[in-house]
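Following: one structure in structure tokens, then a few remarks.
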Amino acid sequence: YEENLFYVRNAKYMELGAVANILIDSFYNPSAFLRPCLYMSELSRLQGNFPYDTKIHSFFVACTRDKRGEKVVGFVDIDARPGTKESDAPRPYLSDLAVHPDYRRRGVAKQLVQRCESECVIFE
């Protein structure tokens with residue numbers, strides 16, 4: 001397998017620990033003392049927001065494969081927010097776009113955003 005070959009798919013609940021680590025590495029600079037607390041906070045938030053109704057909410061991960069198997073290297077959360085009027089179409093809301101520091105500047109975030117764009121057209 002090529003290490004620079006990335007693909008995007010729906011996240012699995014069991015991968016949220018890896019996602020929490022990517023978010024911490026992307027958005028925080030915690031001390032070794034605070035990192036476990038931050039990890040538990042992010043993991044709890046992700047678990048509470050895990051999308052069970054993929055018609056209006058999705059978690060996507062970017063992955064790569066090597067000799068050791070599959071590795072989650074990026075993440076994004078996309079959902080449909082209600083419009084301001086009842087007749088308005090849902091508005092897409094993208095959040096938590098993050099890529100593991102070792103995999104940045106390789107097009108991972110671009111692939112995640114492109115997947116979100118294609119997902120938005122199917123939101124009800």
request  = List the steps and the verdict of side chain to side chain contact (heavy atoms under 4.5 Å, CB included) for Arg106 and Thr64.
outcome  = CA-CA 12 Å; Arg106 298 188 195 181; Thr64 187; over 6 Å; no
key: is_close_aromatic(Phe59, Phe75), centroid dist under 6.0 Å   =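 Centroid separation for Phe59 and Phe75: below 6.0 Å.
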[Y] and [X], any side-chain heavy atoms less than 4.5 Å apart:
| X | Y | result |
| --- | --- | --- |
| Leu23 | Asp96 | yes |
| Ser41 | Tyr39 | no |
| Phe6 | Cys63 | no |

request  = Tell me, please, which residues at least two apart from Glu42 pass side-chain hydrogen bond (donor to acceptor under 3.5 Å, both in side chains).
outcome  =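 Counting only residues at least two positions away or on another chain, Glu42 forms a side-chain hydrogen bond (donor to acceptor under 3.5 Å, both in side chains) with Tyr28, Arg45.
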ask   = Which of these, Val19, Leu43, Leu38, sits in a side-chain contact (heavy atoms from CB on, under 4.5 Å) with Ile24?
value =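 Among the candidates, only Leu38 passes.
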Quick check for you: to the nearest 0.5 Å, what is the distance between [X] atom [atom1] and [Y] atom [atom2]?
| X | Y | atom1 | atom2 | value |
| --- | --- | --- | --- | --- |
| Leu94 | Glu117 | CG | CD | 9.0 Å |
| Ile22 | Leu16 | CD1 | CG | 11.0 Å |
| Phe27 | Leu97 | CZ | CG | 7.0 Å |
| Ser118 | Phe60 | OG | CZ | 6.5 Å |
| Arg91 | Cys120 | CZ | SG | 12.0 Å |
| Ser44 | Met40 | OG | CE | 7.5 Å |

What closest approach, in Å, do [X] and [Y] show between heavy atoms, and which atom pair accounts for it?
| X | Y | value |
| --- | --- | --- |
| Ala18 | Val72 | CB-CB, 4.4 Å |
| Leu46 | Ala20 | CD1-N, 3.8 Å |
| Gly74 | Leu112 | C-CD1, 3.9 Å |
| Val108 | Ala62 | CG1-CB, 3.4 Å |

ask   = Can you find a side-chain donor-acceptor pair between Ser26 and Arg104 that sits under 3.5 Å?
value =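 Yes, a side-chain donor-acceptor pair sits under 3.5 Å.
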task = Please determine, by modelled atom types, if His57 and Asp77 share a side-chain donor-acceptor pair under 3.5 angstrom.
result = yes
query = Is it true that Asp25 and Arg35 make a salt bridge, defined as a side-chain N closer than 4.0 Å to a carboxylate O?
reply =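 Yes.
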task = Salt-bridge test for Glu15 and Arg9: reply yes if a basic N is under 4.0 Å from a carboxylate O, no otherwise.
result = yes
query = Counting only heavy atoms not in Asn29, do more than 12 fall under 6.0 Å of its CG?
reply = no
